[in-house]
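Scroll down for the structure; my scribbles are underneath it.
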Amino acid sequence: MFTQIFFCYCAVMIIGTGLLAITMRNPVHSVLMVLVLFFHMAGLYLTLQAEFLAAVQIIVYAGAILVLYLFVLFLVSLREEVLIERYVDSAWIGRIFAGGLAVALIGILPTFILGEKGNWPLARVQEVTHTKAMGQEMYTTFILPFEIAGLILLVAVIGGLVLAKRNAADPALQTDEREIQK
Amino acid sequence: MIPLSWYMILASILFAIGVCGFLTRRNIIIMFLSIELMLNAVNLNMVALSHFLESMDGQIFTFFIITVAAAEAAIGLGIAITLYRSRQTVNVDEINQLKG
């Protein structure tokens with residue numbers, strides 16, 4: 001009973017903050033709404049006995065990714081952003097499409113059938129603890145994807161450095177200099 | 001005990017919210033944020049299914065999705081900064097140089 005009330009609270013908060021995040025005028029408020037959403041998502045992971053993922057959700061999503069978003073938001077000028085129109089001209093097409101998608105996704109749910117059960121019943125996970133169970137799977141069955149994930153992170157580090165670096169050959173900066181010379 | 005369908009309905013709604021934000025907002029950073037919402041909806045589905053199927057695969061996949069989301073945020077926001085430097089705007093409907 002308590003878990004169901006907790007689930008309903010988390011669901012209402014997730015939908016509410018999600019809607020607020022995509023409608024609020026100030027992008028910083030949107031990011032803060034998504035932060036609240038991620039915390040409730042971690043709460044839902046706890047109801048599914050996935051403690052390690054709940055911790056990762058808070059550390060990586062709330063702690064790293066959203067902070068990156070906030071930094072980038074502060075780098076672009078927000079003053080005019082809060083004054084101008086926040087939706088594209090044909091926003092209603094997007095809203096109709098998203099509404100239809102939600103109806104379609106929920107509509108096909110009753111036809112969904114669960115597949116075969118795996119070899120990690122809850123009792124076994126609780127016996128070895130969730131983190132250890134995930135580690136065992138990750139370093140045995142999924143060792144190749146794990147190393148590819150490391151490669152993807154390396155690409156992201158190099159890509160972020162290259163993209164954010166100011167170099168003299170940047171055409172945008174050259175136009176700036178020309179304008180200054182005028 | 002919470003039935004599986006509750007999680008899947010919540011994930012569907014959250015995914016639709018993400019799609020709506022991606023299609024309607026002008027600010028490219030909010031569009032990236034909507035992609036994060038969609039990824040989170042998929043993550044919730046994965047963890048719920050993995051719990052009810054008594055398998056670890058879905059949770060491992062969620063772990064990789066979080067990794068890729070971090071990489072995507074780093075690259076995407078780097079592109080957003082580059083875009084802002086060259087065009088002084090982050091609004092996608094003003095970036096129309098490729099429009100015929």
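Proteins come first, then strands; the chains are lettered A, B, ... in the order of their sequence lines, and each starts at number 1.
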Which ILVMFWY residues can you reach from B:Ile79 by hopping between side chains whose heavy atoms are under 4.5 Å apart? A:Leu163, B:Ile75
Between [X] and chain B, with a heavy-atom cut-off of 4.5 Å, which part of the residue counts as in contact: side chain, backbone, both or neither?
X: A:Phe71; result: neither
X: A:Leu66; result: side chain
X: A:Ala11; result: both
X: A:Met138; result: both
X: A:Leu109; result: side chain
X: A:Val76; result: both
X: A:Ile15; result: both
X: A:Phe142; result: both
X: A:Thr23; result: backbone
X: A:Glu85; result: both
X: A:Leu37; result: side chain
X: A:Met24; result: backbone
X: A:Val88; result: both
X: A:Leu53; result: side chain

If you group Ile, Leu, Val, Met, Phe, Trp and Tyr by side-chain heavy-atom gaps below 4.5 Å, do B:Val92 and B:Leu37 land in one group? yes
Below 30° counts as parallel, above 60° as perpendicular, anything between as tilted: where do the rings of A:Tyr9 and A:Phe6 land? tilted
Once you measure the plane-to-plane angle for A:Tyr61 and A:Phe38, does it fall in the parallel (<30°), tilted (30-60°) or perpendicular (>60°) bin?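 Correct class here is tilted.
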Using non-hydrogen atoms only, which part of [X] is less than 4.5 Å away from chain A: side chain, backbone, both, or neither?
X: B:Leu14; answer: side chain
X: B:Ile30; answer: side chain
X: B:Asn91; answer: side chain
X: B:Leu10; answer: side chain
X: B:Ala69; answer: both
X: B:Ile9; answer: both
X: B:Val47; answer: both
X: B:Phe52; answer: both
X: B:Thr67; answer: both
X: B:Met1; answer: backbone

Run the salt bridge (charged side-chain N to carboxylate O under 4.0 Å, His left out) check on A:Arg124 and B:Glu54 step by step: do they pass? CA-CA 10 Å; A:Arg124 193 173 158 211; B:Glu54 300 180 348; over 6 Å; no
Using a cut-off of under 4.5 Å for heavy-atom pairs, which of [options] has the most such pairs with chain B?
options: A:Arg95, A:His130, A:Met1; result: A:His130
options: A:Pro121, A:Gly159, A:Cys10, A:Ala102; result: A:Pro121
options: A:Leu114, A:Ile152, A:Val155; result: A:Leu114

Is it the case that over 12 heavy atoms from other parts of the model lie below 6.0 angstrom from the CZ atom of A:Phe97?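 No, because the 6.0 Å sphere around CZ of A:Phe97 holds 12 heavy atoms or fewer from other groups.
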Chi angles and distances behind the side chain to side chain contact (heavy atoms under 4.5 Å, CB included) call for A:Val128, A:Trp120: CA-CA 10 Å; A:Val128 295; A:Trp120 281 99; 3.8 Å; yes
Chain A interface, residue from B:Ala48, B:Ser5, B:Ser34 that has the most non-hydrogen pairs under 4.5 Å: B:Ala48
Would you mind telling me which of B:Asn27, B:Val19, B:Thr89, B:Ile17 has the largest number of heavy-atom pairs within less than 4.5 Å of chain A?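 Most pairs with chain A among the choices: B:Ile17.
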Name of the residue among A:Ile65, A:Val72, A:Leu73 meeting side-chain contact (heavy atoms from CB on, under 4.5 Å) with A:Tyr69: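 So the option named by the test is A:Ile65.
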Please tell me if the side chains of A:Ile14 and A:Met41 come closer than 4.5 Å, counting only heavy atoms from C-beta onward.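 Counting from C-beta outward, A:Ile14 and A:Met41 do come under 4.5 Å.
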Can the ring centres of B:Tyr7 and A:Phe7 be said to be less than 6.0 Å apart?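 Yes, the ring of B:Tyr7 comes within the 6.0 Å limit of the ring of A:Phe7, centre to centre.
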